Amino acid sequence: METREWLESFASWPQPRQEQALAELVGSLNASMSGRSQIVHLQSVIRPYLRRDFISFLPEELAGYILSYLSPEDLARAGRVCRRWYQLTRNDMYWQKFCKQAINNEMETDIHNAASSNLFNGIKHELSKTQPSPISFRKAYFAWAHLPHYWRVCPLPKPEKVVAHPRHVITCMVMTENHTLVTGSNDSTLKLWNLGESRPLLDFVGHQGGVWACGVYKDKMVSASTDHNLKVWSLRTGECMHTLEGHTSTARCVRFVDNRIISGSRDGTVRHWDAETGNCLNIFRGHQGAVRCVEFNGRYAVSGSYDHHIKIWDTKDNPESECHKTLHGHRNRVYSLQFDGKYVISGALDMAIKVWDAETGICLHTLLEHNSLTGLMVLRKGILVSANADTTLKIWDVEKGTCLRTLQGHKSAVTCLTFDSRNIVSCSNDGTVKLWNAETGELTRDIVNLEKEQRDDDDPARPPAVWRVACTPCHMVCAVGCPDGAPHRTQLYFFNFMDGYREKAEGSSSNSSHSAGSPMN
């Protein structure tokens, strides 16, 4: 009997007879050794017909619950399986969760840097410039996931160069929660800048001396000046809400947390202020020299002084303003501090970095690998990055007290640094801004190299310097200036790393439409 005739006969049989015939066929194959390979072949033929897409048949709520256990990468791959899975994986609920997880990872333990808290709102804002609104969390997440590639590999975006605080030094730069930038200068003013459009939004005028430091909390800003005063400003209107008077010398450093302000002054005192009322809540006395740096976690304030000491102050339940602890150990002026609630870390002119137990005041480690003043430090999740006048940066394991890596590449003193989960960005008097891999410590590339782009009117013997740098995941801004007497002006360089992502997205949409399974659609 021919195969076709047998199949036609098989199809005409009732189901019980068909099942019996199949059972006898398999049994006859199993009876011989040569039939085993045929059974394996039969199994490979049958297996695809036994697969069932149970996800597609489940109620959407239950299918979504199962898919919620996937990683972002696996969820994107699942969207390529079929149209139904593609529709399920586009539910913005999953991607909002992934965005929240990314924010938790990006947030600094240094709670004064608030820009990360609205990370994806900023990305959505950038995407909305070229894409229809509303922008989904899915698109925002993929934009964020691709940003390291645009920072590290793609051609650098062309910076917008804007004159700022002409012929004066920019002394401080802070990113805000609303994707704007604050700059302060020794010209006694501050400015609020729009990051996306690289233009000033507000001028803050009122100090009678240079601005040395500033801090932001939500829609307020505090500035500290050589006129001995601090001022609290509205970031919405530019209005001065309060002038905080009391220091008798330059207000040198400030921290702003939960509507509470901690200021340190060259008069040797630390003051605790209420930003809502402008009232001074505590005057902490005890230092025998100028207070150079302060930190604040909402409860405890830490101050470092030219008297070589660090002091911890309890800002609650302390009507007598008594010192909680004094940390002795440095042999010269203290210039920088970090404080995460567990550790106090101090850098001083004695070339030492010290790690202290914040609860007991015991010095746990003394880190001695720098060869000059350590004036810059950033602490994040147990990892410390320090920058020094010796031109190097170092990455430290705080708990173990060990140097993990030394970053060499600058030719002059490092003037500023930022540090997040992906990158370290540093700038220097050598006129460069360098990008380093935060995990390996390798130099990725120069984002700015002023020596290569010097203009004809620059003095080659006195190249421009980069004074400050501030970053968000999408933007980098650096302040560029020159020695006194140089012919050109202070400038801000605005880099927008979302430009590359938008160009790629626009190119993809214009050249071809996305398939139903494309994770980037």
Side-chain angles (χ1 to χ4, degrees), residues 108-114 171-172 174 182 184 190 211-218 220-233 241-287 289-307 309-327 334-347 356 358 361 377-379:
E108 302 283 349
T109 51
D110 176 4
I111 57 179
H112 317 302
N113 185 357
T171 56
C172 52
V174 180
V182 173
L190 300 101
V211 175
W212 271 112
C214 63
V216 298
Y217 175 70
K218 294 186 176 179
K220 299 187 188 71
M221 174 181 66
V222 62
S223 56
S225 170
T226 58
D227 64 9
H228 308 176
N229 297 331
L230 295 94
K231 289 183 179 289
V232 181
W233 310 84
M241 303 168 67
H242 304 289
T243 297
L244 312 182
E245 299 177 334
H247 285 300
T248 58
S249 187
T250 295
R252 186 62 183 81
C253 45
V254 68
R255 286 292 181 259
F256 194 4
V257 178
D258 294 337
N259 268 322
R260 294 290 186 269
I261 297 167
I262 296 294
S263 61
S265 169
R266 286 179 177 163
D267 65 12
T269 67
V270 176
R271 289 179 178 253
H272 176 209
W273 312 82
D274 184 328
E276 287 288 343
T277 64
N279 294 332
C280 183
L281 305 177
N282 298 96
I283 303 174
F284 300 117
R285 294 183 171 91
H287 282 298
V291 176
R292 180 61 172 76
C293 45
V294 293
E295 290 294 332
F296 186 39
N297 71 347
R299 170 69 185 268
Y300 292 100
V302 184
S303 56
S305 171
Y306 285 177
D307 65 7
H309 299 149
I310 300 113
K311 290 183 180 289
I312 302 176
W313 315 87
D314 189 347
T315 64
K316 294 184 179 179
D317 305 322
N318 189 8
E320 302 300 322
S321 301
E322 296 178 347
C323 179
H324 182 66
K325 281 185 176 62
T326 299
L327 312 181
V334 178
Y335 272 83
S336 57
L337 286 172
Q338 289 288 284
F339 176 44
D340 64 357
K342 181 179 181 181
Y343 299 111
V344 173
I345 303 178
S346 54
W356 312 81
M377 299 188 297
V378 179
L379 175 63

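This structure is a prediction, so every number in the text was calculated from the model and none was measured. Computed over heavy atoms, backbone and side chain alike; hydrogens, waters and symmetry mates excluded. Index from 1, following the sequence.
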Under 30°, 30 to 60°, or over 60°: which ring-plane class applies to Tyr300 and His324, parallel, tilted or perpendicular? tilted

Of all heavy-atom pairs between His242 and Ala275, which one has the smallest distance, and what is that distance? CD2-O, 3.2 Å

Measure the shortest side-chain to side-chain distance between Phe284 and Asn318 over non-hydrogen atoms and say whether it is less than 4.5 angstrom. yes

Could you check whether any side-chain heavy atom of Val257 comes within less than 4.5 Å of a side-chain heavy atom of Tyr217, counting everything from C-beta outward? no

Taking side chain as C-beta onward, heavy atoms only, is Cys323 less than 4.5 Å from Trp313? yes

Locate the shortest heavy-atom distance separating Ser303 from His287; write the atom from each residue and the value. OG-NE2, 2.7 Å

Distance from Ile261 atom CD1 to Glu276 atom CD, nearest 0.5 Å? 10.0 Å

Interatomic spacing from CG in Leu327 to CH2 in Trp356 - rounded to 0.5 Å: 5.0 Å

Distance (rounded to the nearest 0.5 Å) between Ile310 CD1 and Lys325 NZ: 14.0 Å

Does the side chain of His247 come under 3.5 Å of the side chain of Thr269 through a donor N or O and an acceptor N or O? yes

Closest heavy-atom contact between Ala251 and Ala224? O-CB, 3.3 Å

Can you find a pair of side-chain heavy atoms, one from Asp314 and one from Arg299, that are under 4.5 Å apart? yes

Rounded to the nearest 0.5 Å, what's the gap from OG on Ser225 to CG on Leu230? Could you check? 8.5 Å

All heavy atoms of Trp273 vs all of Gly246, minimum pair found to be CH2-N, 4.4 Å

So do the side chains of Arg260 and Thr315 get within less than 4.5 Å of each other, counting heavy atoms only? no

Between Ser263 and Val294, which heavy-atom pair has the shortest distance, and what is it? C-CG1, 4.5 Å

State, without any angle test, whether Asn259 and Lys220 hold a side-chain donor-acceptor pair at a distance under 3.5 Å. yes

Separation between OG1 of Thr171 and CG of Leu190, rounded to the nearest 0.5 Å: 7.5 Å

Flag side-chain contact, heavy atom, 4.5 Å: Ser305 against Val334: no

Give a yes or no answer on whether the side chain of Gln338 reaches the backbone of Met377 with a donor-acceptor pair at less than 3.5 Å. yes

Might you point out which heavy atoms bring Ser265 and Thr250 nearest each other, and give the distance in Å? OG-O, 2.9 Å

Under-4.0 Å salt bridge between Glu245 and Arg271: no

Within this structure, what is the CZ-OH distance for the pair Arg252 and Tyr306, rounded to the nearest 0.5 Å? 6.5 Å

